[in-house]
2 protein chains.
Amino acid sequence: MATISDVAKQTGLSSATVSRVINNYPHVSEEKRRLVHEAMEELGYFPNTSARNLRNRKTNLVAVLIPRLTNPFFTSILDGIEKVAEEKGFQLLICQTQSSKKKEMDFLTLLKTKQVDGVIFTSIENDWSEIKPYTESGPIILCNEYHRNATVPIIRLDQAYGSYLGTRHLIERGYRKIAFCHGSKSGLSNDRRKGFVRAMSEAGLPLNQEWIFHNTYTMEDGKNVLREIMNLRDRPNAVFTGGDEVASGVLKEAKRYGLKVPEELAILGFDDQPIASLIEPELTTICQPGEEIGSRTMSVFIDCLNGEIDRKQQSVIELPISLVKRKTT
Amino acid sequence: MATISDVAKQTGLSSATVSRVINNYPHVSEEKRRLVHEAMEELGYFPNTSARNLRNRKTNLVAVLIPRLTNPFFTSILDGIEKVAEEKGFQLLICQTQSSKKKEMDFLTLLKTKQVDGVIFTSIENDWSEIKPYTESGPIILCNEYHRNATVPIIRLDQAYGSYLGTRHLIERGYRKIAFCHGSKSGLSNDRRKGFVRAMSEAGLPLNQEWIFHNTYTMEDGKNVLREIMNLRDRPNAVFTGGDEVASGVLKEAKRYGLKVPEELAILGFDDQPIASLIEPELTTICQPGEEIGSRTMSVFIDCLNGEIDRKQQSVIELPISLVKRKTT
DNA sequence: GTGAAAGCGCTAACAA
DNA sequence: TTGTTAGCGCTTTCAC
């Protein structure tokens, strides 16, 4: 494998000059520049990334933590991140946490070992106090999920408003017995509950603890939620889910039980994934712009690296959230 | 940031010994081992990955080429790859090609620059002759899509059989006017056409060029296919799509036109993604085990790195493919 | 069992 | 404009 000094030898120049050519430094004569290019071509030379990384103290690599690659909402975020990353010369390292606290922490050592320049969280399992020490080692950005007290840039949606909007909508449509599905115990989840509770109490509606479901993420979880609902003596007539996948599970299973949607059971999703308008009846849902939240996040990340944004201080970008009325409510 | 020589100084040992401890070498006395661990803890030392990579001439990084992150079939493959990678201490670099020939070639330079130890293709845009030279620089594995003449390991499904199976099924159900959707021009696509053509000719059915559609990948493409069909004087009464996303687009649009599925138009998918059993009527489709094909691929990759499989010679692992009968045929 | 020293391939400060 | 040189942080011979 050819190295920079092979090219230097071949051209009769020093490796410094070759390096200058590789990195497009201005003060190199056109002739030598051409000479170097020729030699590189001839030798099949490519600069060794590890050597450059070591020398430059950066890798142009970003770790992206994502709970599951098979969740379309998260891949839409990833897609947004990737597009900006590609454009700006960064590569992404996939870190699938499977919603595990331990894996999340393990991936953070990528920062310590300087394998990546920074980390983007799209979901959070651990408390902020666990994560905070790592902010010393490089930029950490919170995307989508967040902690109220996190001392880093946050790109998120107004979840409280989103769930308030959704709950209000259900109430306006005449539903009064509303079930609510939670994900993990993050700021996001908290805010969603707040919005829900606010809408409910504004309407003078009671909260039934039997109608609150926890740790729901997948279609399968949605099916389980519906089964649990069917076992209740006092059943809700509407379900506000934490995601379209969960919602489609609820819907699927509701149909199996012969429940009429939305007459006997209204279902409200979250995300507005492609499936939302594919299933029947089409899913009413809260639209979260996944790709945009991703691309904004990557831009902020780059600004942090360049020191244009203080990476150790909380700053919040809040993207709009909206209700997409379809047929399940 | 603490380096290995800081640890050496702190302990009064040489950096060689510290390195031995880091890498769990046998011939280090227990006492010094303990001493080193203590010092590392105290100094907050973590080995620098770039330095190790440079020295060891490997990165434990694998580039995974994928057309779109938002295609659930491909993310299921990615999921399978990731799980084995994680287990074996490899990290994945996301390379979204957007089905672009140029991007695909660009990502291959990651191999040349030694940024990754190898490359996994889940789809292929360029001819094999373009890609082949890169096999000199490290293992390249073909997963899912393939070229007949590729001189590397291939993990795939028997696509010819799959589409034969699907077409036979349509014919048996009484459909005679069958449209067929293509993706890109790879061995996979070729084989699918072969299976289709074989089933058709066995049944003595003619091929209508108006019913062959090219470059169909997304739900939107599916909608377009149906619109084109509606504009035909002589319309097919069945569509064999190249993926469930395309199929769901066809279905969605068919409903919009008031077409009865499957009575007036049968639809056959490919993949068996989650949506297949979510949409209504449920989609008959060809099941491709995405996660398994991914995990098998990553195992083969590792075997290549260890020299247990010849990486410059074609070897084929073929996974089973099957028909999932549901309601659209 | 441990240390000295060379070197992986590259870049940048300094000198010319 | 170009070259010399030191060094990024680590591993690994080789010697003791």
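The figures here come from the full heavy-atom set of this structure, side chains too, leaving out hydrogens, waters and symmetry mates. Lettering of chains follows the sequences in order, A, B, ..., and the numbering in each one begins at 1.
Minimum interatomic distance between A:Val36 and A:Val18 (heavy atoms only, all atoms of both residues): CG1-CG1, 4.0 Å.
In this structure the side chain of B:Val152 never reaches within 4.5 angstrom of the side chain of B:Pro139, judged on heavy atoms. Using a 4.5 Å heavy-atom threshold, the side chains of A:Lys88 and A:Met298 count as separate. Side chains of B:Thr17 and B:Ser14 form a contact here, defined as non-hydrogen atoms less than 4.5 Å apart.
One finds a side-chain N or O of A:Ser29 lying less than 4.0 angstrom from the OP1 or OP2 phosphate oxygen of D:dT2.
At a threshold of 4.0 Å, the pair B:Arg33-B:Glu30 counts as salt-bridged, since one of the basic side-chain nitrogens sits closer than that to a carboxylate oxygen.
Atom P of nucleotide D:dG9 and atom CE of B:Met40 are separated by 17 Å, given to the nearest angstrom. Per the geometry, CD1 belonging to A:Ile4 stands 14 Å off C1' belonging to D:dT4, to the nearest Å. Rounded to whole Å, atom P of D:dG3 lies 16 Å from atom NE2 of A:His27. Atom CZ in B:Arg52 sits about 5 Å away from atom P in D:dT11, given to the nearest Å.
Chain A approaches DNA chain C within less than 4.0 angstrom (heavy atoms of the protein), and the contacting nucleotides run 5' to 3' from C:dG9 to C:dA13.
Applying the side-chain contact (heavy atoms from CB on, under 4.5 Å) criterion to B:Arg34, with sequence neighbours excluded, gives B:Glu31, B:Glu38.
Residue order along DNA chain D, read from the 5' end via each residue's closest nucleotide, puts B:Ser50 first among B:Ser50 and B:Ala16.
When each of B:Asn60, B:Val62, B:Leu61 is tested with B:Asp117 by the rule side chain to side chain contact (heavy atoms under 4.5 Å, CB included), just one qualifies, namely B:Asn60.
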Polar atoms only, N or O, under 3.5 Å: list the protein pairs with nucleotides 14-16 of chain D and their distances.
none

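Among the protein residues, A:Thr17 comes within range of the sugar-phosphate backbone only, with heavy atoms under 4.0 Å from sugar or phosphate atoms but none that close to a base. Counting non-hydrogen atoms under 4.0 angstrom, B:Asn23 reaches the backbone sugars and phosphates but no base.
A donor atom on one side chain and an acceptor atom on the other are not found under 3.5 Å apart for A:Gln96 and B:Glu86.
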**Q.** From CA spacing to verdict: side-chain contact (heavy atoms from CB on, under 4.5 Å), A:Ile66, A:Asn71
**A.** CA-CA 9 Å; A:Ile66 175 174; A:Asn71 180 321; over 6 Å; no
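Remark: B:Leu54, B:Arg55, B:Arg57 in residues 54-61 of chain B come within less than 4.0 Å of DNA chain C through at least one heavy atom.
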Which pairs would a plain distance check flag for residues 46-56 of chain A, meaning a side-chain donor or acceptor within less than 3.5 Å of a matching protein atom at least two apart in sequence or in another chain?
unit_1	atom_1	unit_2	atom_2	d
A:Asn48	OD1	A:Ser50	N	2.8
A:Asn48	OD1	A:Ala51	N	3.0
A:Thr49	OG1	B:Thr113	O	2.9
A:Thr49	OG1	B:Thr113	OG1	3.3
A:Arg52	NH2	A:Asn23	OD1	2.8
A:Asn53	ND2	A:Thr49	O	3.4
A:Asn56	ND2	A:Arg52	O	3.3

N/O donor to acceptor pairs below 3.5 angstrom from side-chain atoms of residues 118-130 of chain A, sequence neighbours left out:
unit_1	atom_1	unit_2	atom_2	d
A:Thr122	OG1	A:Leu65	O	2.6
A:Asn126	ND2	A:Lys101	O	3.0
A:Asn126	ND2	A:Glu104	OE2	2.9

